[in-house]
Protein chains: 2
Amino acid sequence: MTITQLQYVLAVAEHKNFTLAAQKSFVTQPTLSMQVQKLEDELDILIFDRSKKPITITEVGKKIVNQAKNIVNEANRIQDIVDQEKGFIGGDYTLGIIPTVMPTLLPMFLKTFIKRYPKVNLIIKEQSTENLIKNLQDGHLDAGIAATPLEIEYLKERPLYYEPFVGYVPPGHRLYQQPKLKPEDLDIQDVLLLQDGHCFRDGVINLCKAPRNFQEEHFRLQSGSFETLVNLADEDLGMTLLPYLNTLELDEQKKEKLKYFEAPSPAREVSLIYHKSELKIQITEALRDVILGIVRGAIAFQDVKIVSPLNK
Amino acid sequence: MTITQLQYVLAVAEHKNFTLAAQKSFVTQPTLSMQVQKLEDELDILIFDRSKKPITITEVGKKIVNQAKNIVNEANRIQDIVDQEKGFIGGDYTLGIIPTVMPTLLPMFLKTFIKRYPKVNLIIKEQSTENLIKNLQDGHLDAGIAATPLEIEYLKERPLYYEPFVGYVPPGHRLYQQPKLKPEDLDIQDVLLLQDGHCFRDGVINLCKAPRNFQEEHFRLQSGSFETLVNLADEDLGMTLLPYLNTLELDEQKKEKLKYFEAPSPAREVSLIYHKSELKIQITEALRDVILGIVRGAIAFQDVKIVSPLNK
DNA sequence: CTTAAATAATAAGTTTTATTGATAGTTTTT
DNA sequence: AAAAACTATCAATAAAACTTATTATTTAAG
C-alpha cells in the first residue's frame, strides 16, 4: 500500500470514472487502473464495483475511502510541519467566499494579502455556503469565508467580524417614519429577498420569525444581487435588508433611505472556516491576520445580536 | 513520500541507530539510509542529527516522527477494516500482561483462546505496567492486561474482573484473631510487599494509607513473587496481601491463614487496555470475550472497592 | 438490432525507483 | 594507535510504476 495508491482511490471515488480520475491525477488511465487493482489485490477486496455505470463504491470501499482521506490528509500535514518550521508561507491556497461577502470584503484585503505574502498563489472561488462546506471536506478548498455559526463537526470557525443588518426602506413604506427598526416590525411578506441558496436570505428569514411556510405566491421576483433588491425597493415593491458593508457603496440619495436597527442590532457573523485537520494552517492564520487588521477599522459596531445563517 | 519511508523514519527514531533500524525493518542499512535521506531531501529538512552519537532527532524531526506514527497507524487501519469486513480473526497479536496477573489468569484463558482463534498468533510478554503503557503507545503491543484505572489519555480500558485483596495472616500476628480484615487495621510497616515496580505493591500501599514516605529501613526483603511473601509470612516476618486468584492455588494448610476483608472488600480492577486507535480491534474484542466468559465463573465477588494501582 | 462512443482491462515495453553488496569515510571505544 | 561500530556512497540489480497501444465491455445512439 502506498500513499499514491490511496490518492488514486480517492480520485476514482470522487469522479466515479477511472479515465477522468487518471487525468486529474496526471497519469494515464492504465496506470491508475493498475494501481487501484494492485491495492485491491493486496487487500484482497473490491473497493469499486465496476459492473455498474457509473462505477459505485462497495460498502467496504466506503470505509476504505474514508480512511484513505484521513491518511492522505495526515500525510500532507508533514509538508505543513516543515513549512511551519521554515516560516514558509507559500504555495497554492484555495479560498471559497459566499456571494454576499465577496464583492465587499475581497477588495478590502486582497491587495494587502498578495503583497505581504507574494509566494502564496491565492485561488478564490465564489460559492454558496453549502458548496463551501462540501468542498472543505473534500479538500478542494483550504478555507472559506461564510456566515456562521454553522456548527459542522469537522470544521473550525474563526469569526472575522460582525456585520449588522441595515434596512433599506423607500419613502412610501409604512416603516419609513420610524427612526429605528426593530426586528419585530419586519413582515417577511414585504421584505425583498435574495434568491434561494444565499445564506443571507436565510438569515433575514430567521430574523423576521415569520411563519416558516410563508407563501411567496405574489412575489417571485428574487434576485442574486443587492443592487437589484435596492432598485426594486425604490420601485415601492417593498423594503429590503442589506449587510452593513454593502451600504457603504450606495450613493447619497439612496443612503437617505437606510434605516439602522435599534441596539442590539441584528448582525451576521462572518468567519473564516477551515477543516479541523488544519492543513496549511500558517496561510490560514496569515489570511486571518490580514483580514482582521483591515476589518477592524471598517466595522466598529459592538452591540449586535447574531442571526443564524441556517435554513432551520 | 511513501509509507515505507515513514516506517523507516520511525524505526530510526526508535532505535537511534540506522544499522539496527534496518535490521528491524528487514532491509539493508544502505536501503534505509537512502530512503530516509530521500525523504529528508524531498522535505528539504533534516529529521535526524547524525553528528551526535547516538543519533538524535531534530526538533522538526520530532514533529515529523509523531505525524509519521499517526500516518502509519492510520494506514494499518485499512487492513483492519478489511479484516473486520471478512470476519477474519488472525495474524500476529502481541499481548502484555503484568507479572501479578500472568501466572493465574493466563492458564485460564490461553487454551480456550488459541483453540477458538487458531489463526491468531498470540505473542505474550510479561512486563510492568509502566512498560506496558510505553509499548502500547509505540505499537509494540496490541493490548495489555493490567490493574486499572490508569487514565492514560491515549489508552482505552475495558475492565475484565474485580479481584479482591485477601490477607495472609500467620497465627502469631496481631490480626490473626479477627474474623475479618478492615483496611484501617493494616499497618504498612508489617505488610510484606512485592518489590518496586509491581503495581500490586502500589495498590497495597494505597490501601494502607500509611505516611507516603514510610521508612523501610528494617525491611529490605522485597520479593517479586507471592510465593516468597507467603513463605516469609510463615516465618512470622509479618502478614501479606494476595490477589484473590493467587489464593486458589495455596495448599490447605496455608488457606487456613487467609483472612478476607469486610465488605466492601478492597480489590483491584484488572482490565484489558489498548490504544485508542483500536488497531486489531476484532482480535482485542475476541480476547475480551474469551476472558470474560472464563472469569465470570471464577470470580463472583460483587461488593468491592477499587484500589488505585498508581504510585501517586 | 447494429453501430458508435465511452470506458476499463490487458499486454508489452520503458523509465523510474528501491534494494543490495561492497566499500569508503566517520566517530567512538578500547 | 588500533579496533570496533556506524553511516554514507557507489555501482549493479531487482522491482515497481508508468506509458503507449490494443482489446474487451458496457452504454448510448441510430
Side-chain angles (χ1 to χ4, degrees), chain A residues 1-58 60-62 64-65 68 71-72 75-76 78-79, chain B residues 1-58 60-62 64-65 68 71-72 75-76 78-79:
Chain A
M1 176 169 51
T2 68
I3 295 173
T4 309
Q5 285 172 351
L6 297 177
Q7 285 169 329
Y8 291 164
V9 167
L10 290 184
V12 176
E14 184 178 348
H15 299 107
K16 319 269 185 223
N17 175 321
F18 279 71
T19 312
L20 183 57
Q23 276 171 22
K24 297 282 178 182
S25 306
F26 306 104
V27 290
T28 58
Q29 170 263 318
T31 299
L32 188 135
S33 282
M34 283 170 115
Q35 288 306 315
V36 172
Q37 274 182 52
K38 216 176 131 192
L39 181 61
E40 288 179 324
D41 283 354
E42 181 186 328
L43 298 175
D44 193 28
I45 209 151
L46 280 179
I47 299 173
F48 300 105
D49 182 350
R50 295 146 170 93
S51 73
K52 289 172 191 151
K53 300 274 159 103
I55 272 175
T56 60
I57 311 180
T58 62
V60 220
K62 282 176 195 165
I64 292 174
V65 165
I71 296 169
V72 171
N76 288 336
I78 285 196
Q79 184 62 57
Chain B
M1 176 168 51
T2 67
I3 295 174
T4 309
Q5 284 171 351
L6 296 178
Q7 285 169 328
Y8 291 164
V9 165
L10 290 184
V12 176
E14 184 178 348
H15 299 106
K16 319 270 185 221
N17 177 321
F18 279 71
T19 312
L20 184 56
Q23 277 172 22
K24 297 283 179 181
S25 306
F26 305 106
V27 291
T28 57
Q29 171 262 317
T31 299
L32 188 136
S33 282
M34 284 169 122
Q35 288 305 314
V36 172
Q37 275 181 50
K38 214 176 132 192
L39 181 61
E40 287 178 324
D41 284 353
E42 182 185 328
L43 298 175
D44 193 27
I45 210 153
L46 280 180
I47 299 173
F48 300 107
D49 182 351
R50 296 147 169 93
S51 72
K52 291 173 189 148
K53 302 273 159 104
I55 271 174
T56 60
I57 310 181
T58 63
V60 220
K62 281 175 194 165
I64 293 175
V65 165
I71 297 169
V72 170
N76 288 335
I78 286 197
Q79 184 61 59

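All values derive from a computational prediction rather than experimental measurement.
Judged by distance alone, the side chain of B/Ser25 and the main-chain N or O of B/Tyr8 form no donor-acceptor pair under 3.5 Å. Side-chain atoms of A/Glu40 come within 3.5 Å of backbone N or O of A/Ile47 as a donor-acceptor pair. A distance-only check finds a donor-acceptor pair linking the side chain of A/Glu42 to the backbone of A/Met1 [under 3.5 Å].
At the phosphate of D/dA5, neither OP1 nor OP2 sits under 4.0 Å from any side-chain N or O atom of B/Asn17. For the OP1/OP2 pair of C/dA9 and a distance below 4.0 Å, the side-chain nitrogens and oxygens of A/Ser33 include at least one atom meeting the criterion. Within the structure, every side-chain polar atom (N or O) of B/Arg50 is placed at least 4.0 Å from both OP1 and OP2 of C/dT26. Taking side-chain N and O atoms only, A/Lys38 has a distance below 4.0 Å to OP1 or OP2 of D/dA17.
As a whole-Å value, the separation of A/Ile3 CD1 from D/dA16 P is 17 Å. Following rounding to the nearest Å, B/Met1 (CE) and D/dA17 (P) show an atom-to-atom distance of 16 Å. Atom CD in A/Gln5 sits roughly 10 Å away from atom C1' in D/dA16 (whole-Å rounding). Nucleotide C/dT10 holds its P atom 11 Å from the CD atom of A/Glu40, rounded to whole Å. Distance, B/Asp49 CG to C/dT27 P: 12 Å, rounded to whole Å. For the pair B/Phe18 CZ and C/dT27 P, the interatomic distance rounds to 15 Å; values are reported in whole Å. Distance B/His15 NE2 to D/dA5 P: 18 Å, rounded to the nearest Å. In this structure, NZ of A/Lys24 is placed 17 Å from C1' of C/dT7, rounded to the nearest angstrom.
Using a 4.0 Å heavy-atom cutoff across all strands shown, A/Tyr8 reaches sugar-phosphate atoms only and no base atom. Residue contacts shown for B/Gln37 are limited to sugar-phosphate atoms, with no base heavy atom under 4.0 Å away. A/Thr19 comes within contact range of the sugar-phosphate backbone alone, with a heavy-atom separation under 4.0 Å but no base atom that close.
Nearest heavy atom pair, residue A/Lys16 against residue A/Ile55, reads CD-O, 3.6 Å. Nearest heavy-atom pair, A/Ala13 versus A/Ile57, reported as atom, atom and distance to 0.1 Å: CB-CD1, 3.7 Å. Shortest non-hydrogen contact noted between B/Ile78 and A/Ala68 is CD1-N, 4.4 Å. In terms of heavy-atom proximity, A/Val60 sits nearest to A/Leu46 at CG2-O, 4.5 Å.
Distances were taken from every side-chain heavy atom of A/Met34 (C-beta onward) to each of D/dT7, D/dA11, D/dC18; the shortest belongs to D/dC18. Proximity note for A/Thr31 (side chain, C-beta onward) versus D/dA21, C/dG21, D/dC18: the nearest is D/dC18.
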Strand DNA chain D as a dot-bracket string - pairs counted if Watson-Crick or G-U with both distances under 3.5 Å, | where the partner lies in another strand: ||||||||||||||||||||||||||||||
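Between B/Gln35 and B/Gln29, the residue whose closest nucleotide on DNA chain C is further toward the 5' end is B/Gln35.
Contact check for A/Ile3 versus B/Thr2: no side-chain heavy atoms found under the 4.5 Å cut-off.
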